[in-house]
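These numbers come from the heavy atoms of this one structure, side chains and all, not from hydrogens, waters or symmetry mates.
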Amino acid sequence: MLYLLLSVLSSASLIFIFKLYQRYNVHTFQAIVVNYIVCIAVGLAFPGGPDVLQPQVLQKSWAIYAVVLGAIFIGAFYLIALATQKVGVTAASVAAKISLVIPVLFSLLVLKSSLKEYTVLNYAGMALALLAIVLSSIRPGSDGEKRTPMLLALVLPFFIFLCVGVADSLINYVNVHHLQAHEASQFTMLTFTASAVLGMAVLLYLLLLRKTSFHFKSILAGIALGIPNYFYIFFLIQALSAFGNDGAFLYPVNNIGIILAGALGAIFIFCEKLTTTNLVGLGIAVLALVLMSYQEIAANLF
């Protein structure tokens, strides 16, 4: 239970840090690039870390998937940061975590690897997930607050929903068809490396064209983001082991915790004003996750 709690807090802290970027005028993309370099450094600092990234890794059948996933990761991370700053902490966390519906459907319809028979309640949960994104993203704004265009407020969370869902589905596919259990750390590190290399290439291009200038605070902001980002995955893996690798139970519970932690942080730390519509969307998000996995939750809790 401790690892599950630490995983929830680590993930929620990422969204809070993105919100702080806006408050302290941090260049978000630069900080995200530094964040992935920090993730690699933290991984290499662990015993056996330097052995993870060997040239032979690129010959693995899953190497190209890790590179593609790295590109999706940095893109999705930037979208989450943008949504956090433009739409709000609650909407960003709901969109990212309710995306569980995509890998569930992918596993059911494409991989055909589901170990349970889906019921009407499971499918109802998937349908409610989309409604939750819409309701949690609507922000009317106050008279003194810069209003976010409605189209942007809806499009950003849906792009996050798709990107995170596709990334999780790709991980699922690679895990089923290409990855051996002992290669998980190599796959993770190569993914982080791909994100870092791609991010540095884009940043260097922008610097050479003088479309941006590098800010020293981006390094500090990237370190602050990279450490919890790495340990979120570390704690999640530990929590999976503690619950007998029962991802069907752990992921929904973990995501519910992150959504609720994000909402509480939005209200009490950043003083976001959630409307009745937003609160209904938040409740529907939790209900959707419960319905999608109510069999596993009931089996583990009762």
Side-chain angles (χ1 to χ4, degrees), residues 1-24 26 28 31-32 35-36 38-39 42 73-74 76-101 129 132-133 135-137 139 156-157 160-161 163-165 167-168 221-240 242-243 247 249-274 278-279 281-290 293 297:
M1 187 60 71
L2 175 62
Y3 286 123
L4 176 59
L5 178 61
L6 291 174
S7 173
V8 168
L9 294 178
S10 298
S11 182
S13 70
L14 301 179
I15 299 178
F16 298 157
I17 291 170
F18 284 143
K19 191 69 174 178
L20 290 173
Y21 282 1
Q22 182 183 31
R23 178 175 296 179
Y24 294 103
V26 172
T28 301
I32 288 175
N35 142 82
Y36 281 111
V38 171
C39 285
V42 173
F73 268 11
I74 193 169
F77 223 38
Y78 184 72
L79 286 175
I80 291 172
L82 196 60
T84 299
Q85 296 164 4
K86 298 292 185 182
V87 187
V89 171
T90 302
S93 61
V94 167
K97 297 309 170 184
I98 208 70
S99 64
L100 178 70
V101 66
I133 295 175
L135 296 180
S136 63
S137 301
R139 295 187 69 207
L156 271 178
I160 292 171
F161 172 78
C163 285
V164 175
D168 288 344
I223 293 173
L225 182 67
I227 293 175
N229 190 19
Y230 179 88
F231 279 102
Y232 161 63
I233 297 176
F234 175 81
F235 290 136
L236 183 61
I237 293 173
Q238 296 299 317
L240 277 168
F243 283 91
F249 164 72
L250 185 71
Y251 281 116
V253 172
N254 183 68
N255 288 3
I256 289 171
I258 293 169
I259 288 174
L260 293 178
L264 290 174
I267 295 170
F268 294 108
I269 300 176
F270 299 105
C271 301
E272 284 189 7
K273 296 180 179 179
L274 299 183
N278 298 148
L279 292 173
L282 184 65
I284 290 177
V286 173
L287 176 61
L289 289 171
V290 170
S293 300
I297 293 174

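Looking at Leu6 and Phe231, their side chains never come closer than 4.5 Å, going by heavy atoms from C-beta outward. Using a 4.5 Å heavy-atom cutoff, the side chains of Asn278 and Thr90 are not in contact. Inter-residue side-chain proximity for Asn229 and Tyr36 is flagged as met; some heavy-atom pair is nearer than 4.5 Å. In this structure, Leu236 and Tyr251 have side chains that are in contact, with non-hydrogen atoms separated by less than 4.5 Å. You'll find the side chain of Val94 stays beyond 4.5 Å of the side chain of Pro157, heavy atoms only. The shortest distance between side-chain heavy atoms of Ile269 and Lys19 does not fall below 4.5 Å.
Note: Phe77 and Phe18 have perpendicular aromatic rings, judged against thresholds of 30 and 60 degrees for the angle between ring planes. Between Tyr230 and Phe234, the angle of the ring planes stays under 30°, which puts this pair in the parallel group of the 30/60° scheme.
Side chain of Tyr21 to backbone of Ala221: a donor-acceptor contact under 3.5 angstrom is found. The backbone N or O of Ile223 lies less than 3.5 Å from no partner atom in the side chain of Asn35, so there is not a single donor-acceptor pair. Judged purely by atom type and a 3.5 angstrom limit, Ser136 uses its side chain to pair as donor or acceptor with the backbone of Ile133. Panel note: side chain Ser11, backbone Val8; no donor-acceptor pair is recorded below 3.5 Å. Without hydrogens or angle criteria, Glu272 side chain to Val89 main chain gives a donor-acceptor distance under 3.5 Å.
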task: Please step through side-chain contact (heavy atoms from CB on, under 4.5 Å) for the pair Leu100 and Leu289, ending with a clear verdict.
output: CA-CA 8 Å; Leu100 178 70; Leu289 289 171; 3.8 Å; yes

request  = Before giving the answer on side-chain contact (heavy atoms from CB on, under 4.5 Å), spell out for Leu225 and Leu14 the whole-Å C-alpha distance, their side-chain angles and the decisive distance to 0.1 Å.
outcome  = CA-CA 6 Å; Leu225 182 67; Leu14 301 179; 3.7 Å; yes

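Counting non-hydrogen atoms of other residues, nucleotides and ligands closer than 6.0 Å to OH of Tyr3 gives a total of 12 or fewer.
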